[in-house]
Every structure is written in structure tokens, then in C-alpha cells.
Peer 1: 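For reference, the structure I am asking about is given below.
Naming convention: chains lettered A, B, ... in sequence-line order (proteins, then strands); numbering from 1 in each chain.
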2 protein chains.
Amino acid sequence: MNKYSNQTRILTAIDCIIFGFDGSDYKLLLIQRGFAPEKEKWSLMGGFLQSDESLDQAANRILKKLTGLEDLYMEQMHTFSKPDRDPVERTIAVAYVALIDIQKYEQQISDKFQAHWFSMNELPHLIFDHEDMVEMAKSRLRYKAALHPILFELLPKKFTLPHLQAMYESLYETKIDKRNFTRKVLSTNMLIKEKDKDKTSSKKGAFYYSIDESKYKDQFQTVLNFIPRNEIPTANE
Amino acid sequence: MNKYSNQTRILTAIDCIIFGFDGSDYKLLLIQRGFAPEKEKWSLMGGFLQSDESLDQAANRILKKLTGLEDLYMEQMHTFSKPDRDPVERTIAVAYVALIDIQKYEQQISDKFQAHWFSMNELPHLIFDHEDMVEMAKSRLRYKAALHPILFELLPKKFTLPHLQAMYESLYETKIDKRNFTRKVLSTNMLIKEKDKDKTSSKKGAFYYSIDESKYKDQFQTVLNFIPRNEIPTANE
DNA sequence: TCAAAAGTGTTGGTTCTACACCCATGG
DNA sequence: CCATGGGTGTAGAACCAACACTTTTGA
């Protein structure tokens with residue numbers, strides 16, 4: 001097999017920005033780095049691309065190893081490449097964004113790995129350019145969630161309308177009228193009303209809803225409008 | 001300097017999908033590959049990432065070398081990584097999308113390089129996974145252009161409203177009502193009406209317009225609606 | 001003089017936002 | 001029995017899509 005000559009071969013890392021929502025705050029799943037440099041500092045979950053796998057495979061491998069979870073919503077976000085971004089050795093990093101249901105994660109594993117959920121507004125300092133990655137991921141999430149029902153990936157199987165609304169209000173740091181919000185959300189027909197109620201946050205209790213998976217998939221790419229127009233953010237990057 | 005051990009170091013390529021619009025058709029700028037394998041086959045403009053540059057720098061370097069153009073609209077799209085995508089040697093490829101004004105390109109160079117504009121619907125076979133890249137780029141362009149005034153990057157300094165409308169109609173393969181279209185476009189205040197007319201495509205002639213750069217930049221990230229709702233495509237990827 | 005493309009307003013339907021009160025219940 | 005959060009309808013404004021005729025002028 002011929003080879004390209006006189007070209008630079010470098011390391012490719014994969015870093016995962018993992019979002020969760022606990023009912024009132026957005027969270028990021030971070031780990032304490034187990035090796036030098038920056039040992040014990042907090043970082044995104046990451047690893048190196050191996051010779052026989054694609055980036056998607058690598059991202060799934062890494063996420064499974066560190067959280068035990070598979071088949072998550074995950075997509076490639078951006079490749080970071082400043083020559084000095086890793087002081088050890090030239091490395092480019094492909095950032096992936098995953099959205100996961102915190103409850104599922106907590107059932108799956110507890111502290112097998114030194115992973116920890118941090119509130120978005122109480123993040124520790126992160127190594128390398130991981131803070132840049134997080135910023136871009138937040139901005140992309142805000143952009144995308146304004147147009148597509150992507151935040152549903154963060155929800156547990158059963159959730160309430162107030163829970164859903166809190167998720168949008170928190171992401172956009174705004175208040176939304178609950179009558180308008182309910183009407184818009186239900187008009188998509190993506191939600192199925194359950195018979196039971198969540199009584200943990202009020203005496204009256206709020207009905208649970210679940211996702212109608214087939215309608216959800218159909219409509220995933222359609223452009224929605226859950227957020228009032230003037231709250232739509234100023235796009236990605 | 002310590003190094004990470006036992007990790008795979010691989011080549012990183014940059015490939016550029018370069019869109020143009022000639023007044024009636026979308027075009028892609030392709031080159032005939034000058035080295036084996038697949039010598040003389042058509043391919044996207046590409047090159048390898050060097051040790052001292054970022055991906056953005058590399059993409060600009062490659063584009064300048066091959067077209068002579070600088071300061072183009074260009075953004076990173078996606079990183080392709082199937083292990084066997086390049087039969088010579090494991091290589092990941094970061095695809096960039098550029099939008100350029102064909103007229104500017106034609107002034108700048110002619111055939112210094114074996115580059116050629118192909119109509120989107122008459123593309124030759126491309127090497128490796130370049131056809132996948134083109135498909136993704138088309139789909140992303142359709143998605144993004146439905147929401148942001150990004151197609152303006154394809155226009156010459158002076159253009160007419162029928163020209164602009166043809167650009168949208170061609171991308172979405174649809175007819176748009178010219179009264180509604182004109183009203184929407186002008187209501188953004190991004191266009192400046194010139195005093196002269198383009199008489200090449202009608203006897204009456206159509207007034208030239210140009211971009212109000214500052215308003216364009218302000219509004220680049222706002223969500224527009226030039227395309228009727230039911231023509232908006234089904235999103236990226 | 002006529003063919004061919006440019007330019008221009010209105011109306012009806014839909015969608016959006018703003019807004020306030022009653023309901024159910026656990027304590 | 002009352003405090004707390006859940007649930008629901010309407011009206012006015014804004015926006016959108018559909019629609020047809022007049023203008024200009026080179027050939």
C-alpha cells in the first residue's frame with residue numbers, strides 16, 4: 001500500500017459535551033482526568049480515535065465506557081484545531097454533543113467512573129479548549145432547540161408540561177406564557193397524555209405526558225416555534 | 001515534551017465544497033486531481049493539514065492556492081472519518097463549505113489551475129467520499145439559506161431582484177410569487193437600490209441592487225422567511 | 001406594434017401574543 | 001380552609017399567501 005509522503009500525521013481526539021436537565025437546571029457531565037498533564041482537573045469526556053473506527057463509533061465507544069449508556073442522541077458538532085490546544089502534542093479534537101435523560105444515567109451507573117454532573121452556571125475550570133467547546137455547544141443547542149424539538153431528548157419517559165416549559169425557560173432565560181406554550185406544544189401531536197399525575201411539585205398535581213415516538217421522528221426536522229419570535233437567539237458560532 | 005503513547009496518528013485532509021451561482025444554475029468548483037491515486041479524476045479542492053496551522057488556516061491556504069481568492073465566506077461543515085475512505089492511507093477529512101461570487105473568481109484567475117465549474121446537476125463522479133460531502137453540503141445550504149440571508153454571498157456586487165429570486169427558486173426547485181418575494185426581501189432593508197438597470201435579460205431592464213453591508217451583518221443571524229413555509233426543507237444531515 | 005420580462009397593492013385567512021380566572025389538593 | 005401550582009379561552013394585531021394588470025422597450 002502506497003502512502004502519502006511528507007505529510008503530518010497527528011492525533012485525533014474526541015470530546016463529548018453531555019447535556020442533562022434535572023427539572024430546574026441544565027447540567028454538564030464532566031470527568032476528572034486520570035492522566036497527566038492536567039491530571040485531576042475536570043474535563044469533557046474524551047478519548048483518541050483508533051485506527052479501525054469512525055468518529056461516530058469512537059464517540060459512542062467513549063460514551064459507553066464512561067457512562068455505560070448506548071444509543072443516545074449524539075451528533076458531531078465541530079472540529080477544534082488550534083496548533084497548541086493540547087500542550088503535550090499536536091492533537092485535533094472533534095467535539096460531539098450528547099443529550100441525555102439524567103434519570104436514565106443515574107439508574108445506569110452511579111460513581112463507577114469519576115464523573116459528575118455540574119450545573120451549567122457552576123462549571124469548574126476545564127482543561128485545554130474545553131470551555132470553548134462548551135460555549136459553542138450551548139449556543140448551538142439554543143439555536144437548534146428554538147427550531148426543532150430536540151430538547152425532548154433530555155426528558156425522562158414521563159414528564160409534565162410545567163417540567164417541559166421549565167426546560168425551555170431555563171435554556172432561554174425567559175418566561176413563557178403557559179397557555180400559549182401548552183397550546184403550541186400540544187398542537188404538534190407529539191405528546192401523549194398519561195392518566196397519572198406528578199404530585200411532587202404541587203398539591204393538585206400535573207398530568208404526565210410521554211412522547212409519541214413516531215410523530216416525534218416525523219416532526220424532528222420540521223421548524224417549530226415554541227419560543228416567542230423575539231426570544232430566538234442569534235444563531236450558532 | 002512528553003507524548004501520548006500508543007495512540008494512532010493519522011492524516012487530516014481538508015476538502016472544500018465551493019458553491020457558485022451563475023444567474024440560472026448552482027455550480028461547484030472542482031479540480032482534476034494531480035497525483036495518484038485517482039489521478040485525473042475530478043475531486044473537491046483539498047490538501048493536508050500541516051503541523052503549524054489550524055483547520056481554518058489550512059482551508060484558506062488551500063483555497064487561495066487553488067483559486068487565488070481570499071477572505072471568502074467559508075465555514076467548517078463536518079468531519080468525515082470512515083476508516084477506508086481514502087484507500088491509500090487512513091485519513092480523516094474536514095469538509096469546508098465556501099460560497100463565492102463566480103464573477104469575482106473569473107476575474108481573479110482563469111485556468112491557471114485545472115479547476116472547472118460544474119453545474120450541480122451535471123457533476124462528474126468524484127473520488128473517495130466527496131459525493132457524500134457534496135450531498136451534505138447541498139442539504140445544509142438549503143437548510144441554512146431558508147433561515148438566514150446566506151445566499152447573498154453568492155451574488156456579484158450588483159444584482160437584480162429577478163436574479164436574486166432565481167437563486168432561491170433554483171435552490172428549492174420551486175416557484176416563488178415575485179410580489180411576495182420582493183416585499184419580504186426589501187423589508188429587511190439590506191438592499192440598496194442602484195440607479196442603473198441590467199438590460200441583458202429583458203427589454204425593460206431590471207434595477208440593480210447592492211447589499212447594505214452593515215445591515216447585512218446585523219441581520220445575518222436573524223431568522224428570515226424568504227421561502228414560503230411549506231417549502232422549507234427537512235433540515236441538515 | 002408586440003412579445004417578454006419588470007414592477008406594483010389588496011384582501012382574506014392564519015397565526016401569534018397578551019391577558020385572568022377557576023380548579024384540585026395536601027397541609 | 002387556604003396557599004400553591006395546574007389548567008384553560010378569547011380577542012386584537014401581525015403576518016402570510018394568493019392573486020392580475022400595467023409598464024417599458026428592443027426587435
Side-chain angles (χ1 to χ4, degrees), chain A residues 23-24 146-147 149 155 158-170 172 174-210 219 222-232, chain B residues 22-24 146-147 149 155 158-170 172-189 191-210 219 222-233:
Chain A
S24 48
L147 302 170
L155 293 170
K158 297 198 308 183
F159 54 90
T160 66
L161 292 178
H163 180 171
L164 184 62
Q165 183 170 342
M167 190 165 70
Y168 279 88
E169 289 183 339
S170 174
Y172 297 99
T174 185
K175 289 280 166 209
I176 304 176
D177 179 274
K178 67 180 166 177
R179 281 171 292 191
N180 293 337
F181 182 79
T182 306
R183 189 179 324 111
K184 285 180 190 178
V185 168
L186 293 180
S187 75
T188 64
N189 291 313
M190 288 187 299
L191 299 196
I192 299 167
K193 190 173 189 171
E194 302 289 330
K195 301 217 168 47
D196 51 335
K197 285 184 164 186
D198 168 26
K199 297 221 165 181
T200 58
S201 61
S202 79
K203 323 213 155 148
K204 184 177 178 183
F207 278 104
Y208 279 117
Y209 285 79
S210 60
Q219 300 205 35
T222 64
V223 170
L224 302 176
N225 186 21
F226 293 163
I227 309 296
R229 279 217 205 301
N230 52 12
E231 300 290 341
I232 292 181
Chain B
D22 69 359
S24 49
L147 301 170
L155 294 169
K158 296 198 309 184
F159 54 89
T160 66
L161 292 178
H163 180 170
L164 184 63
Q165 182 171 343
M167 191 165 69
Y168 279 89
E169 290 183 338
S170 173
Y172 297 99
E173 293 172 340
T174 186
K175 289 279 165 207
I176 303 175
D177 179 275
K178 68 181 165 177
R179 281 171 291 191
N180 293 337
F181 182 79
T182 306
R183 187 180 325 109
K184 285 180 192 179
V185 168
L186 293 180
S187 75
T188 65
N189 291 314
L191 299 196
I192 299 166
K193 190 172 189 170
E194 301 288 328
K195 301 217 169 47
D196 50 338
K197 286 184 164 187
D198 168 27
K199 297 221 166 183
T200 58
S201 61
S202 80
K203 323 214 157 150
K204 185 178 179 183
F207 278 104
Y208 280 117
Y209 285 80
S210 60
Q219 300 203 37
T222 65
V223 171
L224 303 176
N225 186 21
F226 292 164
I227 308 296
R229 277 214 207 303
N230 52 11
E231 300 290 342
I232 292 181

Peer 1: Using side chain to side chain contact (heavy atoms under 4.5 Å, CB included) as the criterion, list what pairs up with Asn189(B), not counting sequence neighbours.
Peer 2: Lys215(B)
Peer 1: Taking the minimum atom-to-atom distance to the side chain of Arg179(A), which one of dA18(C), dT8(D), dA18(D) wins?
Peer 2: dT8(D)
Peer 1: Taking for each residue the nucleotide of DNA chain C with the nearest heavy atom, is it Thr182(B) or Asn180(A) whose nucleotide lies nearer the 5' end?
Peer 2: Thr182(B)
Peer 1: Send over the distance from Leu161(A) CG to dC23(C) P, rounded to a whole Å.
Peer 2: 20 Å
Peer 1: Please find the pair of heavy atoms, one from Ile176(A) and one from Gln165(A), that lie closest to each other, and give the distance.
Peer 2: O-NE2, 2.7 Å
Peer 1: Excluding sequence neighbours, so at least two apart, what forms side chain to side chain contact (heavy atoms under 4.5 Å, CB included) with Ala166(B)?
Peer 2: Phe21(B)
Peer 1: Atom CZ of Phe181(A) and atom C1' of dC16(C): how far apart are they, to the nearest Å?
Peer 2: 16 Å
Peer 1: Decide yes or no on side-chain contact (heavy atoms from CB on, under 4.5 Å) for Thr188(B) and Thr222(B), but give the supporting numbers first.
Peer 2: CA-CA 10 Å; Thr188(B) 65; Thr222(B) 65; over 6 Å; no
Peer 1: How many Å lie between CZ on Phe207(A) and P on dC23(C), as a whole number?
Peer 2: 15 Å
Peer 1: In whole angstrom, give the distance that lies between atom CD1 of Ile176(A) and atom P of dC16(C).
Peer 2: 14 Å
Peer 1: Using OP1 and OP2 only, check whether a side-chain N or O of Lys184(B) sits under 4.0 Å from dC15(D).
Peer 2: no
Peer 1: Residues of residues 185-192 of chain A with any non-hydrogen atom less than 4.0 angstrom from an atom of DNA chain C: list those, numerically ordered, please.
Peer 2: none
Peer 1: Heavy atoms within less than 4.0 Å of DNA chain C: which residues of residues 195-206 of chain A have one? Give them sorted by number.
Peer 2: Lys199(A), Lys203(A), Lys204(A)
Peer 1: Could you state the atom-to-atom distance from CZ of Arg183(A) to C1' of dT8(D) in whole Å?
Peer 2: 9 Å
Peer 1: Tell me: NZ of Lys193(B) to P of dA6(C), nearest whole Å?
Peer 2: 13 Å
Peer 1: Go through the structure and list residues passing ring-ring contact (aromatic ring centres under 6.0 Å, His included) with Phe181(B), not counting sequence neighbours.
Peer 2: Tyr168(B)
Peer 1: Residues in side chain to side chain contact (heavy atoms under 4.5 Å, CB included) with Lys193(A), at least two apart?
Peer 2: Phe207(A), Tyr209(A)
Peer 1: Going by salt bridge (Lys or Arg N to Asp or Glu O under 4.0 Å), name the residues that satisfy it together with Asp22(B), two or more places apart in sequence or in a different chain.
Peer 2: Lys27(B)
Peer 1: Sequence neighbours excluded, which residues qualify as salt bridge (Lys or Arg N to Asp or Glu O under 4.0 Å) partners of Lys158(B)?
Peer 2: Asp196(B)
Peer 1: Separation of Lys175(B) atom NZ from dA5(C) atom C1', in whole Å?
Peer 2: 13 Å
Peer 1: Lys204(B): what forms a salt bridge (Lys or Arg N to Asp or Glu O under 4.0 Å) with it, not counting sequence neighbours?
Peer 2: none
Peer 1: Do the side-chain N or O atoms of Asn225(A) get closer than 4.0 angstrom to the phosphate oxygens (OP1, OP2) of dT15(C)?
Peer 2: no
Peer 1: Among the nucleotides dG9(C), dA18(C), dA20(C), which one has an atom lying closest to any side-chain atom of Lys178(A)?
Peer 2: dA20(C)
Peer 1: When only distance counts, do a donor and an acceptor, one from the side chain of Asp177(A) and one from the base of dC19(C), lie under 3.5 Å apart?
Peer 2: yes
